[in-house]
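Structure first, commentary second.
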Amino acid sequence: MVEENEIYQEHILDHYEDPYHRGGCPHCTHRHEDDNPLCGDVIRMELRIADDGRIEAAYFDGDGCCISQAAASMLVERFDGKTVDELKQFTAQEMLEMFGVRLTPNRQKCCLLPWRVMQAAIYAPVAAPASVPSEDRP
Amino acid sequence: MSVSAAPRPFAPELYRPDFPILSTLLHEGVPLVYLDNAATSQRPRHVIQAIVDSYERHYANVHRGIHWLADQTTDRYEDAREKVRMLINAPAREQVIFTAGTTGGINLVARSWGEANLHAGDELLLTEMEHHSNLVPWQQVAQRTGARLRYIPVTDDGLLDLDVYDRLLTERTRLVAVAGVSNVLGTVNPVADIIRRAHQAGALALIDGAQSVPHLPTDVQALDCDFLAFSGHKMLGPSGVGVLYGRQELLEAMPPFLGGGSMIRRVRLDGFEPQDLPAKFEAGTPPIVPAIGLGAAIDYLNAVGLEAIHQHECRLTRYAQELLERVEGLRILGPAPDHKGGIVSFTLSRIHAHDIAQLLDREGIAIRAGHHCAMPLHQRFGLNATARASFYFYNTMSEVEKLAAALERVKDVFRRRRT
């Protein structure tokens with residue numbers, strides 16, 4: 001039996017120990033990194049965004065607690081192949097729901113760190129002239 | 001102060017019933033194992049009752065009213081000052097200033113003494129193991145004055161490198177600020193030696209006593225320190241009160257820090273004359289009841305005996321290191337137990353400190369996880385976060401055993417998946 005507030009559930013430990021797309025993104029176009037200074041969790045997100053706004057590849061790397069790293073893996077898996085628009089519409093509340101465990105406010109920050117970093121990555125092209133998310137163009 | 005050369009049997013069980021919170025049951029029946037004393041201690045009924053009595057029977061503003069209640073409260077507030085004076089063996093009551101806490105005290109010195117005395121080219125000497133509250137106020141004053149900060153390094157085994165300290169001490173060094181006990185490594189620093197060398201170089205010395213005064217006998221005259229700051233809430237007292245001790249001639253020469261009521265002798269529209277010590281540094285209504293509560297806490301600590309407290313905590317630390325070293329993948333930071341107080345910080349390979357703390361919490365064990373307000377020290381050891389168990393005299397050997405056993409179960413949560 002798995003309780004609703006059991007953080008260390010199988011599917012979370014699966015993501016923590018066998019993460020989806022952990023590492024550098026080949027031909028990455030957008031990259032952002034941030035941390036949660038309170039606990040030292042660090043997440044870097046790398047995306048390859050096509051001209052039509054499709055996220056062709058999403059990768060993460062980082063260092064931190066089980067929650068932040070598993071949440072990053074889930075998020076990358078969810079948006080690998082999706083569009084920038086879909087990512088922008090994905091709210092913090094939906095991120096917490098996707099994680100699926102009721103978290104205390106302090107641990108919600110761990111879960112939302114990757115969400116915050118991925119949302120910021122869309123606005124962080126790797127090189128100055130690189131692509132900008134499609135809907136931001138004239 | 002009770003001083004016993006040979007460790008006599010010490011029974012924490014005698015004191016635990018005095019601390020109502022220690023009998024808390026968590027998560028439907030798990031007894032609390034409180035090992036987060038470096039963050040804040042718990043309080044005995046004696047202290048809680050002193051606070052209640054103050055509010056119920058002896059409460060008015062101090063040093064102001066011409067009425068019975070004001071006199072009663074002032075007497076109790078000043079009695080608390082005298083208890084602090086005796087605890088640290090300060091020469092005079094005027095040298096004991098009530099502050100908001102250790103942070104408040106260090107900021108007072110940094111702003112008042114620092115801004116009046118520091119100039120471009122002067123140097124302040126800190127250490128890599130300082131708590132942010134003994135780093136940031138000096139960084140701020142350095143920015144304002146052009147003084148430079150230099151740091152005594154920490155060796156791999158968690159001690160201050162005193163050879164480098166000697167080389168860093170120069171005629172430019174104006175002040176050395178160092179923790180009595182590291183809040184992460186648990187290192188008991190040789191402060192008497194550090195102060196002596198500072199004085200030989202013509203520098204002043206400030207001791208951050210937040211982790212030392214609650215756990216070890218402290219004698220400011222024997223130490224010959226110029227400033228000592230500590231907090232009430234880490235030594236059985238309420239939060240919101242701390243103490244700054246200073247050498248008389250230094251405090252007298254320093255300009256007031258905060259301006260307002262109490263700290264003035266006379267105010268005109270074109271200026272003011274400051275009050276004498278200690279009021280000069282106690283602007284506004286002071287933390288009246290917290291100070292009275294701190295006085296009651298000191299009574300309690302004296303009854304237990306600070307030397308006995310230190311000896312017991314060292315036994316807990318030795319036992320914790322012995323048991324924790326057997327946990328595979330566990331690494332303890334800091335020096336050998338002989339150089340430590342009651343603080344044991346550690347990492348577990350591949351398990352983040354927050355996950356350790358969260359899983360221990362299920363078994364009722366409260367520890368701290370994170371950087372413990374010492375980010376530069378964690379950077380020094382290449383770590384983002386550590387888990388920290390910190391003891392007080394009411395902790396027992398069996399609580400240490402519970403911690404060690406629970407850490408094996410923390411590992412099980414992750415281990416069972418790796419085969």
Side-chain angles (χ1 to χ4, degrees), chain A residues 1-20 22-23 33-44 60-75 96 99-117, chain B residues 26-28 30 36 39 131-132 135-136 184 329 333 345-363 365-388 406-419:
Chain A
M1 192 190 78
V2 178
E3 289 177 42
E4 188 193 355
N5 60 359
E6 168 56 85
I7 291 172
Y8 302 93
Q9 297 179 11
E10 288 296 320
H11 82 283
I12 291 169
L13 290 168
D14 280 344
H15 276 280
Y16 180 60
E17 293 182 350
D18 188 15
Y20 182 83
R22 186 188 189 98
E33 178 176 321
D34 206 352
D35 63 0
N36 178 355
L38 203 68
C39 55
D41 289 346
V42 186
I43 294 285
R44 185 176 69 240
F60 85 100
D61 211 339
D63 181 28
C65 69
C66 179
I67 295 175
S68 68
Q69 304 303 303
S73 170
M74 286 181 201
L75 185 66
L96 292 172
F99 193 73
V101 175
R102 204 169 53 203
L103 297 169
T104 58
N106 259 332
R107 305 292 326 247
Q108 285 181 13
K109 289 178 199 157
C110 306
C111 179
L112 291 176
L113 173 66
W115 173 82
R116 191 156 52 79
V117 174
Chain B
L26 287 80
H27 318 311
E28 295 160 16
V30 187
D36 196 15
H131 187 283
H132 296 164
L135 285 176
V136 179
V184 177
L333 273 81
S345 292
F346 56 92
T347 59
L348 261 179
S349 80
R350 294 196 302 265
I351 305 177
H352 190 273
H354 275 207
D355 293 318
I356 300 172
Q358 184 109 40
L359 288 161
L360 290 180
D361 173 65
R362 294 179 178 188
E363 310 208 18
I365 301 174
I367 62 154
R368 175 94 183 253
H371 52 62
H372 323 302
C373 296
M375 290 176 94
L377 180 69
H378 280 75
Q379 283 154 16
R380 154 71 181 81
F381 286 97
L383 298 166
N384 278 329
T386 53
R388 178 184 72 187
L407 283 169
E408 288 292 357
R409 288 189 287 275
V410 169
K411 289 185 61 190
D412 285 344
V413 169
F414 292 89
R415 180 193 290 137
R416 65 196 166 81
R417 311 171 45 78
R418 291 199 171 273
T419 47

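A, B, ... follow the sequence lines: proteins, then strands. Residue 1 opens every chain. This one's a predicted model, so the numbers in the text were calculated from it and none came from an experiment.
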**Request:** Scan residues 104-113 of chain A for pairs that pass salt bridge (Lys or Arg N to Asp or Glu O under 4.0 Å), counting only residues two or more places apart or in two chains.
**Result:**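 Applying salt bridge (Lys or Arg N to Asp or Glu O under 4.0 Å) to every pair that reaches into residues 104-113 of chain A, excluding sequence neighbours, yields A:Arg107-B:Asp355.
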**Request:** Just jot down the ring pair (Phe, Tyr, Trp, His ring centres under 6.0 Å) partners of B:His378, sequence neighbours excluded, or say none.
**Result:**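 B:His378 satisfies ring pair (Phe, Tyr, Trp, His ring centres under 6.0 Å) with B:His372 only.
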**Request:** Over all heavy atoms of both residues, which pair between A:Ile7 and B:Arg362 is shortest? Give the atoms and the distance, please.
**Result:**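 That would be N-NH2, 3.8 Å.
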**Prompt:** Which pair of heavy atoms, one from B:His354 and one from A:Tyr8, lies closest together, and at what distance?
**Reply:**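 Heavy atoms of B:His354 and A:Tyr8 come nearest at O-OH, 4.4 Å.
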**Asked** Which value, rounded to the nearest 0.5 Å, describes the distance between B:Gln358 atom CD and A:Thr104 atom OG1?
**Response**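 It is 6.0 Å, given to the nearest 0.5 Å.
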**Item:** Side-chain heavy atoms of B:His352 within contact of A:Asp41, under 4.5 Å
**Value:**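 B:His352 vs A:Asp41: side chains touch.
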**Asked** For B:Asn384, which of A:Asp35, A:Asn36, A:Asp63 qualifies under side-chain contact (heavy atoms from CB on, under 4.5 Å)?
**Response**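 It is A:Asp63, the one option of A:Asp35, A:Asn36, A:Asp63 that forms the side-chain contact (heavy atoms from CB on, under 4.5 Å) with B:Asn384.
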